[in-house]
2 protein chains.
Amino acid sequence: MDSAASLESATPSSRDKILDVAEERFARRGYAGVGVRELAEAAGLSKSSLFHHFRSKDVLYLAVLDRIFDRIERHIGPALSGAGSSLERVERAIDGLIDAMAEHPTTPRLVLRSLFEDDDLPEDEPANEMISKRLDALIEGFSELLTRGIESGEFRPVEPRHAIQTLIGATVFHFASGEFGEALIGTPLFAADAVAERKREVKSLIHSGLNRSGSAQETPR
Amino acid sequence: MDSAASLESATPSSRDKILDVAEERFARRGYAGVGVRELAEAAGLSKSSLFHHFRSKDVLYLAVLDRIFDRIERHIGPALSGAGSSLERVERAIDGLIDAMAEHPTTPRLVLRSLFEDDDLPEDEPANEMISKRLDALIEGFSELLTRGIESGEFRPVEPRHAIQTLIGATVFHFASGEFGEALIGTPLFAADAVAERKREVKSLIHSGLNRSGSAQETPR
DNA sequence: TTGTGGCCCGACCGAACGGTCGGTTAAGAT
DNA sequence: ATCTTAACCGACCGTTCGGTCGGGCCACAA
């Protein structure tokens with residue numbers, strides 16, 4: 001029936017174009033805010049053709065999310081495993097997370113939406129459950145990392161799950177904040193140096209909060 | 001939940017009913033995700049009557065946001081002014097911000113939406129500009145607080161605007177995270193003790209990051 | 001008594017929504 | 001030469017969208 005992932009590299013065309021366009025529009029205006037007509041037109045084909053590639057708007061949206069999580073896992077996966085102290089590994093994971101968010105401006109917005117929106121999406125859709133699983137796995141990876149650092153005495157005994165919430169806010173929200181964030185920070189959020197600075201700021205905040213006594217260790221990247 | 005109007009006359013007031021209903025629905029599913037018919041029905045009157053109270057869906061949404069910012073200013077305003085060390089004042093502001101988010105579960109979601117969504121709303125609408133002004137003022141208040149703490153040598157020389165982004169993420173996002181957040185933390189986000197714990201966690205993270213002991217712990221490399 | 005104005009309604013409007021249907025190409029495969 | 005199939009399309013479907021319109025009801029002022 002549906003051989004979704006079987007065709008690989010040799011597809012330059014419509015399907016990917018639709019995904020690209022949908023990713024951008026959905027990120028900016030949300031699932032309910034974008035119509036399939038608009039997507040089809042922007043992708044350069046008719047609405048009927050769009051429905052030829054994706055059986056419904058739902059599955060198109062989920063396909064977009066799927067690609068997003070592919071990219072995130074690609075960036076974070078290597079960072080979570082590997083050697084080093086807990087602090088080093090957490091910092092590497094933060095770098096990876098920020099890289100994932102900065103790769104495409106659409107990523108943080110779609111992730112943020114999928115995190116806080118009580119989705120209108122069908123719960124039964126297998127693609128939906130699969131995405132939840134992947135998200136859970138990522139969270140679990142981070143959680144274990146923090147827990148290990150606390151158990152080994154390297155970190156203060158913070159609640160790891162609260163720290164994860166803060167971390168998500170500091171990374172995902174920052175790069176999702178669009179006009180507001182740019183007005184606040186004063187520069188484009190996705191310029192290479194702005195991304196590098198965000199990494200520095202987040203890591204230094206994680207490392208020693210606002211306290212001066214933490215000393216000014218500039219860990220270069 | 002009717003807040004201020006309930007002390008007054010026995011009128012539940014259709015207008016307020018509409019605002020209450022709209023606030024809850026918009027918070028959950030966003031501006032584009034909610035139709036005026038649904039709102040009217042949930043408020044117990046007809047669509048035409050809704051349009052008698054609010055000239056368009058836009059102004060209804062903006063009226064909802066307006067109430068939200070009223071509440072936030074009520075909570076944070078006093079905290080920003082007042083005496084004490086910079087750290088004390090920042091912590092008081094964080095308490096106020098979290099109180100504002102925890103007062104109604106709708107608040108953080110609507111704030112988050114208004115921060116990261118490139119709104120479909122008319123830029124010219126005066127109500128829209130007014131909300132932007134109020135947001136700017138809040139940000140400016142926080143920013144001055146941090147800047148003063150840094151200048152006085154009490155805080156590390158972090159970039160205050162980055163710290164603000166992190167702070168917003170740690171507070172607004174946390175309480176906006178709904179199902180995801182509850183699954184992660186493991187308890188209802190808005191229970192009194194959960195709110196208190198979040199205050200503690202955020203303040204301790206702000207205070208000394210993940211580092212054990214507020215001092216030393218030099219990281220080489 | 002006769003407004004008058006606040007509040008409410010059913011009926012209706014054109015546009016847009018997600019989705020279907022039948023049919024037309026063009027490229028391979030048999 | 002025929003059959004299959006992926007890709008595409010225009011036309012159409014029923015529903016819902018935000019919004020309008022004309023009028024009904026009722027408390028209260030003149």
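Since the model is a prediction, treat every value here as computed from it, not as a measurement.
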Check your understanding: Phosphate oxygens OP1/OP2 of D:dG18: is one of them under 4.0 Å from a side-chain N or O of B:Ser56?
Key -> no
**Study point:** Rounded distance (Å) that lies between atom P of D:dT16 and atom CG of B:Leu39
**Key:** 16 Å
Review point. Is there any salt bridge (charged side-chain N to carboxylate O under 4.0 Å, His left out) pair reaching into residues 176-193 of chain B, and which pairs are they, with sequence neighbours excluded?
Key: none
Point to revise | Listed nucleotide nearest any side-chain atom of B:His52, set D:dC9, C:dG6, C:dC9 | key: C:dG6
**Study point:** ring-ring contact (aromatic ring centres under 6.0 Å, His included) between A:Phe180 and B:Phe116, worked out
**Key:** CA-CA 7 Å; A:Phe180 169 80; B:Phe116 95 94; over 10 Å; no
Practice item. Please tell me which of the listed nucleotides, C:dG6, C:dG18, D:dC8, lies nearest to the side chain of A:Ser14? Key: D:dC8
Practice item. Can you run down the salt bridge (charged side-chain N to carboxylate O under 4.0 Å, His left out) pairs that involve residues 126-138 of chain B, sequence neighbours left out, and say none if there aren't any? Key: B:Asp66-B:Arg134, B:Asp70-B:Arg134, B:Glu73-B:Arg134
Revision key, fill the gap. Which of C:dC8, C:dC21, D:dC8 is nearest the side chain of A:Ser48? It is C:dC21
Check your understanding: OP1 or OP2 of D:dC9 sitting under 4.0 Å from any side-chain N/O of A:Ser46?
Key -> yes
Exercise for review: Indicate yes or no: does B:Arg29 engage B:Glu38 in a salt bridge with an N to O separation below 4.0 Å.
Suggested key: yes
Check your understanding: How close or far is atom P of D:dC8 from atom CZ of A:Phe54, stated in whole angstroms?
Key -> 11 Å
Review point. In whole angstroms, how far is the C1' atom of C:dC7 from the CG atom of B:Leu45?
Key: 10 Å
Study note, to complete from the structure: Walking DNA chain D from its 5' end, the first of A:Arg37 and A:His53 to be reached, judged by nearest nucleotide, is A:His53
Review point. What is the distance from CZ of B:Arg15 to P of C:dC7, rounded to the nearest Å?
Key: 10 Å
Review point. Between atom CD in B:Glu41 and atom C1' in C:dC9, what is the gap in whole Å?
Key: 15 Å
Point to revise | Euclidean distance, atom CG of residue A:Leu50 to atom C1' of C:dG18 [Å, nearest integer] | key: 11 Å
Exercise for review: Measure from CD1 on A:Ile18 to P on D:dA6 and round the result to the nearest Å.
Suggested key: 16 Å
